[in-house]
Amino acid sequence: MFHFLLLLSRQGKTRLTKWYSPFTTKEKSRFTREISNMVLNRPPKLCNFLEWKEYKIIFKRYASLYFVVCCDRTDNELIVLEIIHHFVEILDRYFGNVCELDLIFNFHKAYYILDELIMAGELQETSKKTVLRLIAQQDAQQESPNEHKVDL
Amino acid sequence: MNLSTLNIVQFLESSKIQIPNGFKSIKGVLDLDFYDLVKSIGESTSREDELYIVNNEIKKLKQTFSKDVTKEKIRECLIRMIYCHMLGYEVPFGYIQALNMTQDSNILNKRTGYLALSLCLPEKHELLIMAVNSILKGLNSANYLEVCSALTAMTKLVDRDTIPAFMQKILQLLNHQKSIVRKKAVNVLHRFYKLVGRSFLEDDQVHDKLRQSLCDRDPSVMAASICIFLDISNNTENIPILIDLVPSFVGILKQVAEGRLPNTFIYHGIHHPWLQINLLKLLANLGINDVDSSNHMYQVLLFTMQQAQKFKNNVGFAILYQTIKTLTSIHPNIQLIEQCSKNLSILLKSRHNNLKYFGIKALTSIVKVSPKLVLPYQVEVIESLESSDETLKRKSFDLLYRMTNQSNIVPVCSKLIEQLVLSNDQNFKSELVNQITHLAEKYSPNDIWYIDTISTILSIPNSISINDDQQFAYNLIKLVSEEDDIKIKHHIAEIFLNNLLNNQQQHHQQQQQSNNQQLNIQQYSDIYIKIMSWVISEYSNLVVSNNSVIENTIIDYLCDLLEKDYQGETKSWIIMCIGKLAAQLGGKSTPQLEILTRKFNTSKSLISQQRSFELQEILKDQKLINQILPLDAYCEDIDFDQVFKNLNSYANKSIEKGGKKYKPYEKRKNTPLVDIPNEISGTAEKGLNFEYPPPPNPFNLYNQTPIQNQRQIQYHQNNPQQQQSQQLLLMNNEQQQQFVHEQNQMSLVPISNQQQQQIQPYQTQNPQTHPNNQSMPSEQPHTKLGLPKPNKVLWTKQGFVGSKSQAPPASASQHQQPQQQNQQNQQNQQHQQYQQHQQQQQQIKNTSVDPEKEKLAQQLFDSFANKLSKSNKKESTTKKQNQNTLNNSCMSINNITNNNYTNGNNNCISKIINPPISTATTTSSFNANYNNNNNNNVINNNNSVSNNNTSIYSTSETQNITISTSRRKSLTHQNQLIIPKPNPCIS
């Protein structure tokens, strides 16, 4: 089971956090700091797993973003890596060649996608199409003229 | 809008995010405020900047919320609020707005509201109850998207109290026509189960629904229900509920592995790998110790693995590992596991550390079932032991720990200790210490090795933190004190003396070189100092007997240690040690000791203060000192009955004079106690520093006499003979002075003639017992209080008492014969020798391997190969070879810490190889004694030490007088203690 998921930039800035287990605000910020130290300073080519407290940290870097997952020690690390990859693939489909900026400015969208994918700390949807269809339907329902949006 | 375009370009450059076509993402979705916020946060360079920006933003948000604005505006504010929350700031002001948004008709507004609530709301917030209505409304909506968003939010927004409100609705939704709704409803049920626990399953309706969703026509719903079943099966109590479903789970796994699911479930070529993994875990849980269920599984497991192997990607390997894990958890089928282990080479020989890590993990689970299957991969294991990757290394050490047995304990432990020295991670260190001590207690080849290992661990700085279990150190004391062989005592005394002397010499040298380098000197842990003090006080005379120069140097060094930053309790051990050394030197009080006692009479640590007073008093009488601090009498028992009887006269006298009666501990419980936190640590006391208690009057000792631990008090009560002795006195000051005065007049201490006679035999026996170092079995029939016994002693001098079952059968038969240690060693060496042959053959096949690694592999893995070919192992080996290899093993430990007591080792080893027959003959008597003590009321060693301080306070209020009962124990363990009178004379 996932305890939390973090998206960190290479500079150590938080891009997205999702907590599945109850932690206090203090714990949350301490964990984020600790983990970003551990993950960002880890030399490449070592394995993507870290033992941390009673949990396990599994991370993967995509371009300038680190996707970090904290899960139970009994979880299968490789399959968790694949969940991360699955998430990235869906983001990529949705945004079309996703980049960090997409996630910065549409971070709530990323949350919606994540919510479809993982519920209560377990992976629930394996089909990219289903997730994308759901999100698209929601987008379609809310499309309405927005005057005050940035128009580029 | 030109301006904002420019800004974005600037932002991209400033935050150094190199993204081609960065603008495409900002397609008309975000508003300017949010953009500004993100931009300024991205530009901020320090934590203070960020704090300032976020605080400003929060102010703005509050203002906006207080105004009457459009829903769109609020939605944007909520998104900014979530952003602030994500950065780690509290945003309680927006909860209610978010809750209102969930009632909105626009689905996006609704979702944003739910998102804000589920992300920001802390656990058990009062708004959770208010959210119930709005969620229920969402669940009843006709639009399935609204239902979905409500269900998604529920996984976070439900707590135990609100579950009943939703239960019926969720069960209804399990029959919804849309499969996605059913799936999410199952997820919500999973959440309920996590909150409620086992009692959740007692509802039959829930149970039926769960099984129904397992058979759902949509595989995604079924997959979701598997998650719940997996969670349920993690609790072993629940397994009976699920055991009848094993055929269904096996069937599902078979179908998934065959590829019967629709193509949408294919991920990287494999059908729903997550479902497969979950099913494998589930089967592993259900098949533990269950032969029938396990038999169902073997075929499918094999099939699943074969299917997964077709894909050489992460997913395939993940399933491969999980299958092996399952196979080793359920009732084992060795053939199958053997077959699987052949597939591991692809993982272990991979260049990627992730896969190596998985290979090692798989080996770790295999080694439990069939250790010999690790053999083909020894080179890979050794390589990953030396890997630069910390995670991989730890896993390999874990593997090493699990495959340890009698034959490879020595190289394994030296490897673990090596790692202990190198590692910086405190968690990892304490794990290593646990592992080493556990192995040493279970498989130790001989006493000398055990002592070497434990003392090496103790002497590694920072290896043991205060919170760790330190029982193993006390076990060492127990082992040495109960050991009859004087060489053992000699050996341990040598180790600690050398350590002390070397360390101090280094210390002095460094001090001479530069005063600033003092910080570099290693500081030993508290527990090490305690053990060292005890060993030196008891056995240093074996090494440096009658050499007063050296003994004085030792005292000097110990005094230096007292200057350092140790806990008060630790210092009290050192003081006792100095006291005993002084007794051995003839019991004369030297100026040095006077300075010492004067200093510690005012120590903040009560226990060291008390020891200091005791020492001061004892030193005044040279005859007394040898009685109170006898030489090597640690294991002798004390007759409490006699002591208590003799005190009755005191108690009665004082009651006649109006003293209070003794009040049992239970009745005293409600009276307030003086409670000073942290009283042990003389160093940690900062802030309020009040002096407690004023020490100069030695009679104050009466006020502070610690009481025995609770167990001992119960013992008092259980023993009717001692009813009277419980009337120990509680006196006020006047009475006390009178009392003391009286005693002086009588010039007789509470010990009667009868007791004197009892003590005398001890005195005369002591010199005799000493050379043989025989611990005195208790001969007094009334002795109820035996030696302090540690709770678990897996390994005593008998060898491995707790682990006979794990010894190979061949050696088990010889286990009880005399000189078993010797034979065992020989056997081990035979194994190793035979292995060398085997290894050499392997080497021929296996070219181009680093010889050092090969050697290490040989040491570590020999034992398993042994088991393969026990029949061939009867080659004769010479004792000389034995000695060499043993020497090497001991040396390897010593080298790590650069101690130079190897000479001593060599001696001792040769002695061990030819052990005196007395060891064998005394074994049985030792055993009897040991069991006897176990059955009696034994004070736990650890308890007594830890209870010291509390007991002092518990008695100070009632001013109890307790008696100096355990002469030796009080001195070594600092258990209940004291001199009955300032200056008693027993002669």
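Keep in mind that the numbers below use all heavy atoms, side chains included, and drop hydrogens, waters and symmetry copies. All chains are named by letter (A, B, ...) in the order of the sequence lines, taking the proteins before the strands, and each is independently numbered beginning at 1.
Once rounded to the nearest 0.5 Å, the distance linking OG1 of T17(A) with CG of L119(B) reads 7.0 Å. Here the CZ-CG distance, from F49(A) to L392(B), works out to 10.0 Å after rounding to the nearest 0.5 Å. The line from CG of D115(A) to OG of S149(B) is 10.0 Å long, rounded to the nearest 0.5 Å. Note that CG of N76(A) and CD1 of I319(B) are 9.0 Å apart. Values are rounded to the nearest 0.5 Å. Taking NZ of K183(B) as the start and CE of M119(A) as the end, the distance is 8.0 Å to the nearest 0.5 Å.
Aromatic ring pairs are classed by plane angle as parallel below 30°, tilted from 30° to 60° and perpendicular above 60°; the pair H85(A) and Y267(B) is perpendicular.
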Please determine whether side-chain hydrogen bond (donor to acceptor under 3.5 Å, both in side chains) holds for the pair Y144(B) and Q137(A), giving the CA-CA distance in whole Å, both sets of side-chain angles, and the decisive distance to 0.1 Å. CA-CA 11 Å; Y144(B) 82 97; Q137(A) 277 170 350; 2.5 Å; yes
Output, in order, the C-alpha distance, side-chain angles, deciding distance and verdict of side-chain contact (heavy atoms from CB on, under 4.5 Å) for T264(B) and T130(A). CA-CA 9 Å; T264(B) 48; T130(A) 318; 5.9 Å; no
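Neither the backbone nor the side chain of D72(A) comes within less than 4.5 Å of any heavy atom in chain B. Within the 4.5 angstrom heavy-atom criterion, atoms from both the backbone and the side chain of L50(A) approach chain B. Proximity to chain A (any heavy atom under 4.5 Å) is restricted, for K194(B), to the side chain, taken from C-beta onward. Proximity to chain A is absent for every atom of K325(B), based on heavy atoms less than 4.5 angstrom apart.
The most heavy-atom pairs under 4.5 Å with chain A, out of K124(B), K361(B), R351(B), come from K361(B). If you tally non-hydrogen atom pairs under 4.5 Å between each of N354(B), T155(B), L115(B) and chain A, the highest count goes to N354(B).
Closest non-hydrogen pair, L16(A) versus M86(B), comes out as CA-SD, 3.4 Å. In this structure, C47(A) and D389(B) approach most closely via the heavy-atom pair N-OD2, 2.7 Å. The two atoms that bring I41(B) and K13(A) nearest to each other are O-CE, 3.8 Å, heavy atoms only.
Residues E390(B) and L46(A) have side chains not in contact (no heavy-atom distance under 4.5 Å, counting atoms from C-beta outward).
E77(A) and Y321(B) share no side-chain donor-acceptor pair at under 3.5 Å.
Screening Q124(A), E122(A), H86(A) against W274(B) for a side-chain contact (heavy atoms from CB on, under 4.5 Å) leaves a single residue, H86(A).
For an aromatic pair to be called close, the ring centres must be under 6.0 Å apart, and Y114(B) with Y111(A) fails this.
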